[in-house]
Each structure stands twice: as C-alpha cells, then as structure tokens.
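Read the structure below first, then the notes.
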Amino acid sequence: MTVPATPVPGHPGGIRLGLRANLAQFALLVAVNALVGGMLGQERTVLPLLAEQAFHLSAHTAALTYIVAFGATKAVTNFLAGTWSDRYGRKPVLIAGWLIALPVPLLLIWAPSWGWVIFANVLLGINQGLTWSTTVVMKIDLVGPARRGLAMGLNEAAGYGALAATAMATGAIAAHTGLRPEPFFLGIAYAALGLGLSVLAVRETREHARAEAALHPAPNNPAHHGELTTRQITRATSIGDKALSSASWAGMVNNLNDALAWGIFPLLYAAHGLSITRIGLLAALYPAVWGLGQILTGWWSDRIGRKRLIAWGMLLQAAAIGLVAAGTAFPVWALAQILLGAGTAMVYPTLLAVIGDVAHPAWRARAVGVYRLWRDGGFAVGALLAGVLADAFGLTTAIWAVAALTAASGLLVAIRMYETHPRT
C-alpha cells in the first residue's frame, strides 16, 4: 500500500506527515507498544488463579481488587498523560512510564500479601496510562489525517497481539513451573527493553502535531476550535460532542468487557475443571483475534467510516459474552473468544480514530487522554460490577448482565454518534 507523505510548509526537508515518510519511527513505536501490551499480558492468565490458590481469596469482589486498582489508576494517568505530553513532549512521558514499570514484575514475584499485588497493579496502571497513551498520540502525530484508522489498527494490534502471546506463554510456563516466579520473568525483560528503546531510539513527535495544526487551522465550529481549555476539552469529549462522548462511553463499556474477560472468565473456566494450559489458551485467544483483527478493521474504517464498525462490533461483543455465559465446554468458549476478539477489533482502533478525526491537533493529545480516562475507567467499573454480581448471584449472572449492557451501548452508538471520517 502506498501512503503519500504530506509536506509541511515552512519545514523544507524537515517534518513530513505520513506513514511512509515516518516508517522507521512508526515501526519502532509499534514495537514499543508491543512491549507495553506484554507487561499487561503477564497477568492475564496467572493472577486470577494466584488470587485463589496462593492468597486464598474466595470472594470475587475481593479477588478483583487488583483490576479495580489497575483500571482506576490507568484511567487517571491517561488524562494526565495527554496534558503532560502537550506540555513537556511525548518522549519524556514515555520514558517516565517505563521507569515506573521496572518494579512491577518483581513485586508480583515477591508479594507476601495481596496488598503488594494491588500496589503492583497501581504501578502497572500508571505504566500503561503513560506508555500506551503516548504511543497512540505519537503515531497519530506521525501519520497525519489520511491513515489514522490504519495507524491505530497497527498500534493496537501490536499491543494486544503481544498481550495474547504473553498470556499464552505465562499459562504454559505456570503449568510446568508453578504460578510464581517464572511466569513473571517475561515482564522483567519487557520493562528493561522498553525503557532502553524509549531512551535510545524513540524521537519526539510533538512538532509533527504542531505542523499538522498549521496545515489545518481551527474550523468555525466552536466545539472543535483550536483554542480550548482543558476543561472545555473534557466537557466536549465527555458529554458535549456527540461523536466524542459516544466514543468515550462505548470505550468504557468495551473495557468493562475486558475486565470481565480478565477477572471472571478464568474463574468460570476453572470452576468447570479446565486445566491451566487450556485456561491460558482461552485467555490468549480473545486478545489474539482482537490484536490481529485490528490491522484489517483500522484500515477498513478508513474506507467505510467509523460509526457502523463501532455499533456492529459492540453488538457482536454482546453476543459473544452471552455465548460464554451459555457455554459449558471448551469448544463453545473458544468460539465465543474468537467472536469477542472480532467484535473488539471492530471497535477498539475505530474509537481512537474517531477522537483523532474530531479533535483539533492543538488539543488532540488532551482529548485522547480524556477518552482514555473514560475508557480505562471501565476496568474499575467492570471489576466492581462483575465482582458484586458474581458474589450475589453467581458467575453466569454477572456475565449475562455485562452482555446486556454491551448490547445497549451498541444501540446508543447507532442512534447518537455521527460519522466522523471526512471521506464518508
């Protein structure tokens, strides 16, 4: 695929927008985001089982506190990451995120009590908020407006592909060596490599955003104006602009689903007698399809628009979650994970592309931060909701409730969101 570069007036031979013009740096950021996803993947299979088997947490609400801590911290950090990357630059925020990641796998290995695990997930939330948010913004900076969906697809594919591979790998390692410490050795390697690449090889991209802003002066619509305060941006992204706010709420429900898949699904599989290896395979299948599928769906949204992919993707997610609740055997759950991954692939990069479409380059990073505040708040909301429902009514009821909520979110997008892709 040929992706033309956009020359920027006033920067002869210097800053150029486009995937081809910035391919080396873009590919490096894809690799860095794969390491970010791997840091999260080290927990997906092992930690729910560790809560029950090593720390003997029988109540689901208590066992899922690590997801609440992770989600709440990541949500707030996402918001700050956008503001800080506008103020101080993208690269310093990325490096800070990797520095905070260094102790996470060590804390998980040595944790003598569940409080240590919660603290490790506070640090992991900060790491994910700073690093993942920043790599998203940096890729949007580099590619310009023409290939935003493709860029987000590649970014999210790398992160969630690595998450899936790591979840499968840690499940296989845990089946042979136990739940600690060996599965978390991967996290040590990821953190060291991510920090090294970010310090030595990643370049600042904030000037690319400023160059794009010069190419695209603020439109007359005050909701999209180039001179907005952080409070105005927060309001527009949360409730004011129908596309931005619909994307924010859809993102929250999407990650509410992910909290369910992370914390509840492994417990359901274990209750039906599945081995750690098979649980690890199911834990990896959903993000693997999600990750790889985003390469196609991000590009697809550049062709047919954003709204339809988001609405239909959320309805497919709802059907897949219902299939998990109805199933009792590995083949049914495997099919459900494939469908859930496909639905999430339709939604995830497309929501980010909506933010990039609507937000002016002058305040795009802050809009991404607000969107990711709402989206990753879904981890905390999902863990609390699923835990309370599971303790009160059982695992299956909790899963059915989330399926219904996801279907309602898809319908809301179909009714309220307007199409944002300029070609469409």
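Any value given below was found using the heavy atoms of this structure, including those in side chains, with hydrogens, waters and symmetry copies removed.
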Requested in this report: Could you check if a side-chain atom of Val347 sits within less than 4.5 angstrom of a side-chain atom of Leu309, using non-hydrogen atoms only?
Outcome: no
Query raised in the report: Roughly how far apart are Ile67 CD1 and Trp262 CH2, rounded to 0.5 Å?
Result: 5.5 Å
Report task. Would you indicate whether the side-chain heavy atoms of Ser85 and Lys91 approach each other to under 4.5 Å? Result -> no
Query - Output field: ring centroids Trp98/Tyr190 closer than 6.0 Å - result: no
Report task. Consider only side-chain N and O atoms of Arg366 and Thr83, and report whether a donor and an acceptor are under 3.5 Å apart. Result -> no
Query raised in the report: Quick check: are there more than 12 heavy atoms from other residues, nucleotides or ligands sitting under 6.0 Å from CZ of Arg235?
Result: no
Requested in this report: Just jot down the ring-ring contact (aromatic ring centres under 6.0 Å, His included) partners of Trp300, sequence neighbours excluded, or say none.
Outcome: none
Query raised in the report: Once the angle between the rings of Trp333 and Tyr269 is folded into 0 to 90°, is it parallel (under 30°), tilted (30 to 60°) or perpendicular (over 60°)?
Result: tilted
Report task. Apply ring-ring contact (aromatic ring centres under 6.0 Å, His included) to Trp110 and Phe119, showing your working. Result -> CA-CA 12 Å; Trp110 293 326; Phe119 177 61; over 10 Å; no
Report summary line: So NZ of Lys74 and CG of Asn127: to nearest 0.5 Å the spacing works out to 9.5 Å
Requested in this report: First locate atom CD1 of Ile118, then atom CG of Leu123, and finally report the distance between them rounded to the nearest 0.5 Å.
Outcome: 12.5 Å
Query - From CG (Leu352) to CZ (Arg306), nearest 0.5 Å - result: 10.5 Å
Query - NZ/NE/NH1/NH2 to OD/OE distance under 4.0 Å, Arg206 and Asp141 - result: no
Requested in this report: First locate atom CG of Asn257, then atom CE of Met252, and finally report the distance between them rounded to the nearest 0.5 Å.
Outcome: 12.0 Å
Requested in this report: Test side-chain contact (heavy atoms from CB on, under 4.5 Å) on Arg375 and Trp249 and set out the steps.
Outcome: CA-CA 7 Å; Arg375 193 194 69 185; Trp249 288 100; over 6 Å; no
Query raised in the report: Say you draw a straight line from CD of Glu204 to CG of Leu94; how long is it, rounded to the nearest 0.5 Å?
Result: 9.5 Å
Query raised in the report: Under 4.5 Å between any side-chain heavy atoms of Glu43 and Leu124, yes or no?
Result: yes
Query raised in the report: Is any side-chain heavy atom of Leu373 closer than 4.5 Å to a side-chain heavy atom of Thr234?
Result: no
**Report entry** Qualifying residue, where the test is side chain to side chain contact (heavy atoms under 4.5 Å, CB included) with Leu384 and the options are Val68, Thr65, Leu256
**Finding:** Val68
Query raised in the report: Under the criterion side chain to side chain contact (heavy atoms under 4.5 Å, CB included), which of Leu23, Val137, Leu17, Leu29 is the partner of Leu142?
Result: Leu29
Requested in this report: May I have the step-by-step check of side-chain contact (heavy atoms from CB on, under 4.5 Å) for Val136 and Arg372, ending in yes or no?
Outcome: CA-CA 11 Å; Val136 165; Arg372 289 171 64 87; 4.2 Å; yes
Report summary line: side-chain hydrogen bond (donor to acceptor under 3.5 Å, both in side chains) pairs touching residues 286-296, sequence neighbours excluded, are Asp258-Tyr286, Trp290-Gln294
